[in-house]
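Note on naming: letters A, B, ... go to the chains in the order of the sequence lines (proteins, then strands), and numbering restarts at 1 for each one.
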2 protein chains.
Amino acid sequence: MSRWQPDPAGRLTKAAITLFAEQGYEATTVAEIAARAGLTKRTFFRYFSDKREVLFSGSAELERVWLDGVAAAPAGATPLGAVIAGLGPVAEMFTERHHFAGVRAGIIQANSELRERELIKLQNLAASIEAMLLSRGYSANAAVLAAQAGVTVFHVAFARWVHQDDPTAFRRLINESLQELRSVTAG
Amino acid sequence: MSRWQPDPAGRLTKAAITLFAEQGYEATTVAEIAARAGLTKRTFFRYFSDKREVLFSGSAELERVWLDGVAAAPAGATPLGAVIAGLGPVAEMFTERHHFAGVRAGIIQANSELRERELIKLQNLAASIEAMLLSRGYSANAAVLAAQAGVTVFHVAFARWVHQDDPTAFRRLINESLQELRSVTAG
DNA sequence: TACGGTGATGGCACCAAGTGACATACCGTC
DNA sequence: GACGGTATGTCACTTGGTGCCATCACCGTA
């Protein structure tokens, strides 16, 4: 029996999602997750700073893809235009993960601690986007609001996307949310 | 020495804020807060569901005042117009509490757990506002986005308000944030 | 004054999250 | 086959949070 099995973080994540889906987040202990992955509680906390974080390791990839997309937007774009343009690659990335995203979203929605963590991830994302917009030369005020508005559009569209069947609908839902935000703020 | 001193929740809140400001949130234990208020850890958790909640008991009042303000908006108002109109009474309410709000905001900003709790309070607020907008007859799509946009405007304005000197500037900052959101989403 | 009922508080045992210190196993290299 | 670095395990400990029951203060009543 080898102590050194490959991809410990991946095994822990898989074990955690299985157990959370089966018996709920609160009813699952870290020791249980670790045991299922053939590891110990102490090792779990070497890979994830806390119990919730095991569900959010993917947020780094979301941030990277989105920021790259914003950076690649045409120079003449409006600030919100650049943020929304960055969601193109994001929508592609999520298309293949519709089922997983649904399972994960179900787990998160069922627990308030996990919803808190999701919100702060989105807020950190907004802060990164804001910094990116500043580096593109937009004003500080425009950067704050465009980043917040963009994250709101993403959040609303994402919630709708996981609750319906077509995995390829994400881009359309983003455009719809954007138009709704525009019509609500117009005037 | 009477066991029954008045306003236990208020004493716990005051003790908590003092200790958090002095030595930080993490370095303060619940037992310490309770002892300072002349109570025990067990009693603390009878008044607050967890350690963070001691800083957020005021959010119920914010929600009540804001919702009442939305309900009192003229019938012909746009959804976002009604939400922003509801911020009038909110701005009045906060004006007298500028110093306290600043101390509290400093504590919250210094700790990521507390920022998480603040974000979910805002999100719950948005959900309540959304329900209120639905009851006023707006469409579901408009209600979601107007509630989100209104909370974003409040959040941005609040953050600016606690970082400057004039306690009466809240209403002006709300209007500025709203205009910035409008100009960012225009087009 | 005595009495009993009600509700708030204290005390205790307990579980789970999270951390620090140290021991131990694996892996490559020489 | 010895060696050093890195990942893992073990153990002890603190703290947040909860269930259970005892205890105390208050209040009405006789």
Side-chain angles (χ1 to χ4, degrees), chain A residues 1-57 107-108 110-118 120-121, chain B residues 1-57 107-108 110-118 120-121:
Chain A
M1 202 54 179
S2 70
R3 200 174 181 178
W4 255 238
Q5 292 178 32
D7 191 17
R11 278 152 50 211
L12 287 167
T13 302
K14 199 170 176 180
I17 289 181
T18 305
L19 290 169
F20 293 164
E22 279 175 4
Q23 60 191 27
Y25 173 80
E26 285 194 33
T28 304
T29 69
V30 171
E32 206 174 347
I33 299 169
R36 188 171 183 118
L39 295 166
T40 62
K41 175 183 145 189
R42 193 64 185 86
T43 299
F44 177 97
F45 288 110
R46 289 196 178 96
Y47 286 95
F48 303 102
S49 57
D50 59 41
K51 185 184 172 187
R52 307 172 211 173
E53 201 61 21
V54 72
L55 284 174
F56 294 92
S57 59
I107 295 170
I108 291 173
N111 181 273
S112 139
E113 292 182 29
L114 294 173
R115 290 199 304 273
E116 288 187 349
R117 180 56 53 86
E118 175 154 72
I120 206 173
K121 291 287 181 184
Chain B
M1 203 52 178
S2 69
R3 199 177 181 176
W4 255 234
Q5 291 178 32
D7 192 18
R11 278 151 52 211
L12 286 167
T13 303
K14 200 169 174 180
I17 289 182
T18 305
L19 289 168
F20 292 165
E22 279 175 3
Q23 59 192 26
Y25 173 79
E26 285 194 34
T28 304
T29 70
V30 171
E32 206 175 348
I33 299 169
R36 187 171 184 121
L39 296 166
T40 63
K41 174 184 147 188
R42 193 64 189 85
T43 299
F44 178 97
F45 287 112
R46 288 198 180 94
Y47 286 95
F48 303 102
S49 56
D50 60 40
K51 184 183 172 188
R52 307 173 212 174
E53 202 61 20
V54 72
L55 284 174
F56 293 91
S57 58
I107 294 170
I108 291 172
N111 182 274
S112 139
E113 292 182 28
L114 294 174
R115 289 199 304 272
E116 289 186 349
R117 179 56 53 87
E118 174 152 73
I120 205 171
K121 291 288 181 184

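In this structure, B:D7 atom CG and C:dT9 atom P are separated by 11 Å, rounded to whole Å. The distance from atom NZ of A:K51 to atom P of C:dA17 is 5 Å, rounded to the nearest whole Å. The nearest whole Å value for the distance from the CZ atom in B:R42 to the P atom in C:dG10 is 11 Å. With rounding to whole Å, A:L39 atom CG is found 14 Å from C:dC26 atom P. Distance B:E53 CD to D:dG17 P: 10 Å, rounded to the nearest Å. Regarding B:N111, its CG atom lies at a distance of 14 Å from the C1' atom of D:dG16, rounded to whole Å. For B:E113 and D:dG17, the CD to C1' distance is 13 Å, given to the nearest whole Å. Residue B:K41 contributes atom NZ, which lies 13 Å from atom P of C:dC12 at whole-angstrom precision.
Residue B:R46 places no side-chain atom within donor-acceptor reach of the base of C:dG7, judged by atom type and a 3.5 Å distance cut-off alone.
Exactly one residue among B:E116, B:E113, B:E118 makes a side-chain contact (heavy atoms from CB on, under 4.5 Å) with A:I120. That residue is B:E116.
With C:dA21, D:dT15, C:dA16 as the choices, the nucleotide that has an atom nearest any side-chain atom of B:T29 turns out to be D:dT15.
Not one side-chain nitrogen or oxygen of A:T40 sits closer than 4.0 Å to the OP1 or OP2 atom of D:dT8. Between B:Y47 and C:dT9 there is a side-chain polar atom (N or O) within less than 4.0 angstrom of OP1 or OP2.
For the pair B:K51 and B:Y25, the cation sits on the ring face: its NZ or CZ lies under 6.0 Å from the ring centre, inside 45° of the axis.
Proximity of a side-chain donor or acceptor of B:R36 to a complementary backbone N or O of B:R11 within less than 3.5 Å is not detected. A distance-only check finds a donor-acceptor pair linking the side chain of A:T18 to the backbone of A:K14 [under 3.5 Å].
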